[in-house]
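Report on the following structure.
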Amino acid sequence: MVDHRTTATGPLAGIRILDMTQFILGPVATQIMGDMGADVIKVESPSGDANRYIGPRQHEGMATLYLGMNRNKRSLTLNLKTEAGKKVFFELVKTADILVENYRPGVMKKLGIDYPTLQAINPGLVYASISGFGQTGPWADRPGFDLMAQAMSGVMSVTGYPDGPPVKAGVPVADIGCALFAVYGILSAYIGKTKSGEGQF
């Protein structure tokens with residue numbers, strides 16, 4: 001594997017990110033950091049990111065949405081339910097600065113790759129978990145998608161015609177907005193790491 005940390009340019013050149021995300025929010029967040037020069041390695045399950053197959057196809061069966069959100073990334077398929085897959089993954093973790101995931105809370109722990117496990121391998125790792133309703137609380141186990149956020153926040157009630165039903169915004173405004181806040185939080189944590197030497201969740 002070519003180490004792009006030595007050839008990339010941009011303010012995040014030299015930073016390696018493990019991208020464990022799928023759908024829109026997570027991939028947009030890591031795409032933004034890839035655009036800024038980070039070496040983003042997208043780790044996909046054997047079935048791949050669901051967005052590979054949704055919408056118009058452009059290249060080798062991959063959807064344009066997937067290609068747009070995963071530019072400036074390298075990808076790798078690992079079965080993290082196997083010891084062989086975990087072994088490769090743990091070697092990647094040793095080289096990473098940041099890990100971003102957007103599974104429902106509890107999935108990473110079930111796979112044996114939660115923050116305490118990976119912190120023991122790489123104490124400087126910045127580990128970001130993105131979820132619809134947070135990591136704790138009564139709704140933590142619920143999945144979260146852009147449409148749900150638009151409906152629950154009231155965005156849909158102010159979109160469309162005054163006398164008509166609520167309407168979803170044409171673009172995934174909640175996912176994109178949350179992706180920007182995720183980047184803000186991740187880079188803030190990374191700046192803290194450069195001062196303290198310690199990663200964080």
Side-chain angles (χ1 to χ4, degrees), residues 1-6 8 12-34 36-50 69-70 72-137 140-141 143-144 178-179 181-201:
M1 185 181 286
V2 176
D3 192 340
H4 288 266
R5 292 177 296 177
T6 61
L12 300 188
I15 296 173
R16 174 167 286 170
I17 299 171
L18 296 184
D19 179 359
M20 309 283 295
T21 68
Q22 57 181 334
F23 298 111
I24 296 176
L25 195 166
V28 168
T30 54
Q31 169 242 301
I32 291 168
M33 293 184 284
M36 291 191 279
D39 178 25
V40 181
I41 301 174
K42 186 173 178 73
V43 180
E44 297 185 60
S45 70
S47 60
D49 183 335
M69 292 186 301
N70 290 288
N72 294 329
K73 300 179 187 180
R74 297 182 286 159
S75 67
L76 155 84
T77 298
L78 288 177
N79 186 346
L80 295 172
K81 295 179 180 178
T82 67
E83 290 306 313
K86 281 185 187 172
K87 183 177 179 181
V88 172
F89 180 71
F90 290 149
E91 289 302 313
L92 281 172
V93 168
K94 290 176 185 176
T95 71
D97 299 291
I98 297 165
L99 180 144
V100 187
E101 63 92 4
N102 67 342
Y103 290 100
R104 279 189 289 176
V107 170
M108 297 293 274
K109 184 174 183 178
K110 187 176 179 182
L111 290 170
I113 56 173
D114 56 342
Y115 177 65
T117 301
L118 301 189
Q119 182 191 32
I121 296 169
N122 180 350
L125 185 68
V126 170
Y127 187 114
S129 291
I130 303 168
S131 63
F133 299 98
Q135 300 297 304
T136 60
D141 291 334
C178 288
F181 279 110
V183 172
Y184 167 79
I186 290 164
L187 294 183
S188 295
Y190 183 78
I191 291 168
K193 169 194 166 174
T194 64
K195 296 177 180 178
S196 69
E198 298 178 4
Q200 61 177 288
F201 178 68

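In this chain, numbering begins with 1 at the start of the sequence shown.
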| Which pair of heavy atoms, one from Leu78 and one from Gly85, lies closest together, and at what distance? | CD1-O, 3.9 Å
| task | Work out which heavy atom in Leu125 is nearest to a heavy atom in Leu99; give both atom names and the distance. | result | CD1-N, 3.9 Å
| message | Distance check, rounded to the nearest 0.5 Å: Asn102 atom CG versus Leu25 atom CG? | response | 7.0 Å
| Distance-only, no hydrogens or angles: does the Lys73 side chain make a donor-acceptor pair with backbone N or O of Asp19 under 3.5 Å? | no
| task | Kindly indicate whether the side chain of Cys178, heavy atoms from C-beta on, has any atom under 4.5 Å from the side chain of Ile130. | result | no
| said: I'd like to know if the side chain of Lys42 and the backbone of Thr21 have a donor-acceptor N/O pair within less than 3.5 Å. | reply: yes
| message | Working to the nearest 0.5 angstrom, can you tell me the gap between Lys110 NZ and Lys81 NZ? | response | 7.0 Å
| remark: Interatomic distance, OG1@Thr30 vs CD1@Ile98, rounded to 0.5 Å, equals 10.5 Å
| Of all heavy-atom pairs between Gly112 and Phe90, which one has the smallest distance, and what is that distance? | O-CZ, 3.9 Å
| request: Give the C-alpha distance, both sets of side-chain angles, the deciding distance and a yes or no for side-chain contact (heavy atoms from CB on, under 4.5 Å) between Val183 and Ile186. | output: CA-CA 5 Å; Val183 172; Ile186 290 164; 5.6 Å; no
| query | Could you state the interatomic distance from CZ (Arg16) to CD1 (Ile41), rounded to the nearest 0.5 Å? | reply | 4.0 Å
| request: Would you mind reporting whether Phe89 and Met20 have side-chain heavy atoms less than 4.5 Å apart? | output: yes
| request: Provide the closest heavy-atom pair for Asn122 versus Ala96 in the form atom of the first, atom of the second, distance. | output: ND2-O, 2.7 Å
| request: Assess the side chains of Glu101 and Ser129: does a donor N or O sit below 3.5 Å from an acceptor N or O? | output: yes
| field | Residue pair Ala8 / Gly37: nearest heavy atoms and the distance that separates them | value | CB-O, 3.4 Å
| Smallest separation among heavy atoms of Arg104 and Asp141, with atom names | CD-O, 3.3 Å
| query | Side chain of Ser188, backbone of Tyr184: donor and acceptor closer than 3.5 Å? | reply | yes
| said: Ring-plane angle category for Phe201 and Tyr127, please: parallel below 30°, perpendicular beyond 60°, tilted otherwise. | reply: tilted
| Spacing of Gln31 atom CD and Met36 atom CE [to the nearest 0.5 Å] | 9.5 Å
| field | Asp114 side chain vs Gly106 backbone, donor-acceptor pair below 3.5 Å | value | no
| Among all residues two or more places apart in sequence or in another chain, which pass the ring pair (Phe, Tyr, Trp, His ring centres under 6.0 Å) test with Tyr103? | none
| Does some side-chain heavy atom of Val40 sit less than 4.5 Å from a side-chain heavy atom of Asn72? | no
| To the nearest 0.5 Å, how far apart are CG in Leu187 and NZ in Lys193? | 12.0 Å
| message | For Asp97, run the side-chain contact (heavy atoms from CB on, under 4.5 Å) check against Val126, Leu12, Asp39, Ile15 and tell me which one passes. | response | Ile15
| Worked check of side-chain contact (heavy atoms from CB on, under 4.5 Å) between Leu92 and Leu76 | CA-CA 11 Å; Leu92 281 172; Leu76 155 84; 3.3 Å; yes
